[in-house]
Number of protein chains: 2
Amino acid sequence: MDPGLRIYLESTLKEVSIDCVIFGFHAGELKVLLLKWKGIDGWSLPGGRIYLEESVNEAAVRILQERTGLKEIFLQQFYTFGSNDRYKNMDVEALVKKLEWAFGSDFYDEKYIKRNVSLGYMALVEFEQVVATPDWYTDECMWCEISAVPKLLFDHNEMIEVALKALRRQLSYQPIGYNLLPEKFTMPELQRLYETILGKQLDRRNFQKLMLSYDILEKLPEKRTGGAFKAPFLYRFDKEKYDRAMQEEILFAV
Amino acid sequence: MDPGLRIYLESTLKEVSIDCVIFGFHAGELKVLLLKWKGIDGWSLPGGRIYLEESVNEAAVRILQERTGLKEIFLQQFYTFGSNDRYKNMDVEALVKKLEWAFGSDFYDEKYIKRNVSLGYMALVEFEQVVATPDWYTDECMWCEISAVPKLLFDHNEMIEVALKALRRQLSYQPIGYNLLPEKFTMPELQRLYETILGKQLDRRNFQKLMLSYDILEKLPEKRTGGAFKAPFLYRFDKEKYDRAMQEEILFAV
DNA sequence: AGGCCAATGCGTAAAAACTACACAATATTA
DNA sequence: TAATATTGTGTAGTTTTTACGCATTGGCCT
C-alpha cells in the first residue's frame with residue numbers, strides 16, 4: 001500500500017467524506033468531471049476525505065484543487081447524503097475484494113465502505129483552465145456530457161441530479177457565469193450557458209435585456225470575430241457588482 | 001454513566017451528529033426549541049447522533065420525535081456545519097471537565113468534542129401539539145422567540161441564522177404553513193406567519209389574492225368568532241394540492 | 001338595543017415585469 | 001459583390017404585481 005495513502009487514510013475523518021460535482025461548460029455543453037477507479041471497471045465523482053484539522057469547506061477546496069488545479073472558484077455545499085443504502089445497487093463484497101486486490105487488505109475498513117456520510121459539493125469551473133488529475137483510487141479523468149453520464153459507483157448518479165437541481169434553483173437568485181466562462185465572453189455565449197443549465201431555450205432579445213438590467217456586466221469595445229456573421233460584442237463581469245449580487249441574492253427571473 | 005447512554009454512544013457514528021432547528025409559531029411569534037444542558041449553564045439546539053444502521057434522514061426524524069413527540073412533519077436538511085473552529089468561542093476544556101463531572105470521564109472522547117461535523121435540519125411544527133422532552137444531556141426545554149435567542153453553546157446561533165435564511169428562501173418556491181398552523185386557520189393568521197418568517201409587513205388584500213391563486217386552500221363555511229371585529233372565515237389546506245405544490249416547487253412570489 | 005370600533009371581504013386602477021415579434025446591420029464565404 | 005447566418009435594438013401586447021378604496025360585520029360600550 002502506498003505510504004502516502006496510508007498517512008492520508010489515518011489522518012482523516014473516517015465516517016464522512018466529500019464528493020464533488022464539478023461542472024464545466026464547453027462547446028455549448030454542460031459537463032461533469034468523472035474519474036475511473038483503478039482495478040475495477042467503474043466511474044465515480046471526484047471525492048476525498050477531511051483532515052482532522054481542516055474544516056469541511058477547506059477540505060472541499062483542497063480536493064477540488066487537487067483534481068482540477070483550480071482555486072478560488074465557485075464551490076458550495078448542496079446536500080449531504082447519508083442513506084444507509086447508498087450502495088444498494090452495488091455488489092459491495094465484490095467492490096471490497098477488488099479494492100483489496102488493488103490497494104491491500106487494509107485499504108478500507110469494510111464498515112466505512114458500507115456506512116459513510118458524504119457531503120456533496122458542486123463547483124463551476126472554466127473548462128479550458130482545468131488540468132484534470134486522478135487521485136489515489138483512480139487512474140483516468142473524463143469530462144462527461146451531463147446527459148450522457150454512465151451508471152456510476154455508489155449513489156453518484158443521484159448526486160449529480162441533486163446538484164443540477166440545486167444549480168438550476170441557484171440561477172433564480174444568484175448570477176452564474178463568473179467561473180464557468182472565460183474572462184471575456186459574448187452575450188450569446190452567456191445565453192447558451194443559461195440555456196444549457198436550465199435545459200430550455202430562451203429568447204435572445206429578452207435574455208440580453210434581463211442580463212443588462214442586473215447591472216453586473218461591462219460591455220467592452222471589442223468584438224469577437226471569426227464567424228461568418230456579424231461580430232458580437234464582448235462583455236466581462238464587473239466583479240464588484242457581481243459579488244454584491246451574489247450576496248444580496250436578488251431574484252433573477254430567468 | 002447511564003447504561004442507556006453508553007449503548008447509545010457506542011452504537012452511533014462518532015464524527016457526525018445532527019442538530020435540529022425546530023421552528024414553532026405561537027401568538028404571532030416565531031420560536032425555536034432550545035435545551036438547557038445538565039451540569040453547565042448553557043443552552044443548545046436539540047440534537048442527537050446517528051445509529052449505524054439508520055440513514056441520516058431517519059435519524060433526524062427519530063431525534064425530532066424524541067424531542068417533540070411529533071412525526072411526519074416538515075423536516076429537512078438545510079446545511080452541514082463542519083468548521084474546525086466550531087468551538088472557538090467556547091472554553092472547551094471547561095466544557096469537557098463539566099461533562100465529565102456530569103456523565104463520567106468516558107462521556108465523550110475529547111477528540112470528538114473538538115472535531116465534529118454536524119448536519120443541520122430544520123423542522124416546522126405546530127406549537128400546540130409539541131410535548132417538549134429533554135434528552136440525556138439536558139434537563140430543560142424552552143421555546144425561545146427567534147429575536148431573543150441567548151448566546152448558545154457551540155455554533156448553534158449561527159445554525160439558527162442559516163436555518164432562518166433557508167426557510168425564507170423556501171417560502172419563495174414552496175408553500176409553508178401545513179405543519180406550523182392548526183388544521184383550521186384564518187387568512188390573517190396565515191399572513192402573520194408569513195410576515196413573521198419574512199420579517200416584513202405584507203398587504204392584506206394582495207396576500208389573500210396570492211394565497212387563493214395558488215389553489216391550495218379550502219375555504220370553510222365556518223368563521224372564527226371571539227374578537228371584537230368582523231369574524232374571519234376559516235381555511236384549511238387541501239393536503240393533496242398542497243403536496244403537489246410542494247413537489248412542483250412552483251415559484252411563489254411573496 | 002343601537003351605535004362605535006376594529007378588522008375583514010372584495011374590488012379596481014396604475015405600475016412594473018414579462019413575452020412575443022420585426023427589421024436593420026455586419027463579418028465571412030462563395 | 002451578393003448570399004448567409006447571426007447579432008443589435010426597439011416596440012406593442014399581455015400578464016403580474018402593487019397600491020389603495022370602500023362596504024361589511026361581530027362584539028363592546030353606553
Side-chain angles (χ1 to χ4, degrees), chain A residues 27-28 168 171-173 175 177 181-182 184-196 198-236 245 248-254, chain B residues 27-28 168 171-173 175 177 181-182 184-196 198-236 245 248-254:
Chain A
R168 283 179 179 153
L171 230 56
S172 69
Y173 60 84
L181 294 172
K184 299 173 183 181
F185 52 89
T186 66
M187 196 58 82
E189 282 164 3
L190 181 61
Q191 182 178 344
R192 222 146 295 137
L193 171 62
Y194 270 75
E195 287 179 335
T196 305
L198 292 171
K200 67 177 181 188
Q201 300 280 89
L202 301 171
D203 182 275
R204 190 167 61 82
R205 294 145 287 191
N206 295 336
F207 179 81
Q208 163 144 341
K209 242 183 301 178
L210 194 68
M211 283 299 138
L212 292 180
S213 76
Y214 297 149
D215 191 30
I216 54 173
L217 291 175
E218 187 184 348
K219 188 175 187 174
L220 302 173
E222 318 153 54
K223 297 183 174 189
R224 163 148 313 159
T225 60
F229 42 76
K230 183 170 180 178
F233 280 101
L234 286 169
Y235 291 84
R236 126 177 101 198
E248 288 175 4
E249 301 192 356
I250 292 166
L251 195 74
F252 278 55
V254 184
Chain B
R168 284 180 178 152
L171 229 56
S172 68
Y173 60 86
L181 294 173
K184 299 173 183 181
F185 52 88
T186 66
M187 197 58 80
E189 283 164 3
L190 181 61
Q191 182 179 343
R192 221 144 295 138
L193 171 62
Y194 270 75
E195 288 179 335
T196 306
L198 291 171
K200 68 176 181 188
Q201 301 280 92
L202 300 171
D203 182 275
R204 189 169 60 82
R205 293 146 286 189
N206 294 335
F207 180 80
Q208 163 144 341
K209 243 181 299 178
L210 193 68
M211 284 299 138
L212 293 179
S213 75
Y214 298 148
D215 191 31
I216 54 174
L217 292 175
E218 187 184 348
K219 188 175 184 172
L220 302 173
E222 319 154 53
K223 296 184 176 190
R224 162 146 316 156
T225 60
F229 42 76
K230 183 171 181 176
F233 280 101
L234 285 169
Y235 291 84
R236 129 176 99 198
E248 289 175 4
E249 303 194 353
I250 291 166
L251 195 75
F252 278 55
V254 183

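Numbers restart at 1 for each chain; the letters A, B, ... are given by sequence-line order, proteins then strands. When reading the values below, keep in mind they use all heavy atoms of this one structure, side chains included, and skip hydrogens, waters and symmetry mates.
When the C1' atom of dT18(D) is taken as reference, atom CZ of F207(B) falls 16 Å away, rounded to whole Å. Taking atom CG of residue N206(B) and atom P of nucleotide dT8(C), one finds them 15 Å apart after rounding to whole Å. A straight line from CD of E189(B) to P of dA7(C) spans 14 Å, rounded to a whole angstrom. Rounded to whole Å, the distance from CG on D203(B) to P on dT18(D) is 10 Å. Note: CG (L212(B)) to P (dT8(C)) measures 14 Å, nearest angstrom. What separates CZ of R224(B) from P of dA6(C) is a distance of 22 Å, to the nearest Å. Rounded to whole Å, atom C1' of dT18(D) lies 12 Å from atom CG of L210(B). Going from atom OH of Y214(B) over to atom C1' of dT17(D) covers 11 Å, rounded to whole Å.
Side-chain atoms of E195(B) come within 3.5 Å of backbone atoms of L202(B) as a donor-acceptor pair (strictly under, hydrogens ignored).
Considering all non-hydrogen atoms of both residues, I216(A) and A245(A) come closest at CG2-CB, 4.0 Å. Summarising the geometry of F185(B) relative to R236(B), their closest heavy-atom pair is CE2-CA, 3.9 Å, with the distance given to 0.1 Å.
Sorted by first then second residue, the side chain to side chain donor-acceptor pair (under 3.5 Å) pairs that include residues 220-231 of chain A, not counting sequence neighbours, are K184(A)-E222(A), E189(A)-R224(A).
Residue T225(B) places its side chain closer to dG27(D) than to any other of dA20(C), dT18(D), dG27(D).
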Between the protein and nucleotides 5-8 of chain D, are there any N/O to N/O pairs under 3.5 Å, and if so, what are the atom names and distances?
unit_1 : atom_1 : unit_2  : atom_2 : d
dT7(D) : O2     : K230(A) : NZ     : 3.4
dG8(D) : OP1    : F233(A) : N      : 3.0
dG8(D) : O4'    : K230(A) : NZ     : 3.2
dG8(D) : N7     : R204(A) : NH1    : 2.9
dG8(D) : O6     : R204(A) : NH2    : 2.9

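Within the 4.5 Å cutoff, side-chain heavy atoms of Y194(B) are placed close to those of M211(B).
For D203(A), the side-chain contact (heavy atoms from CB on, under 4.5 Å) partners two or more places apart in sequence, or in a different chain, are R205(A), N206(A).
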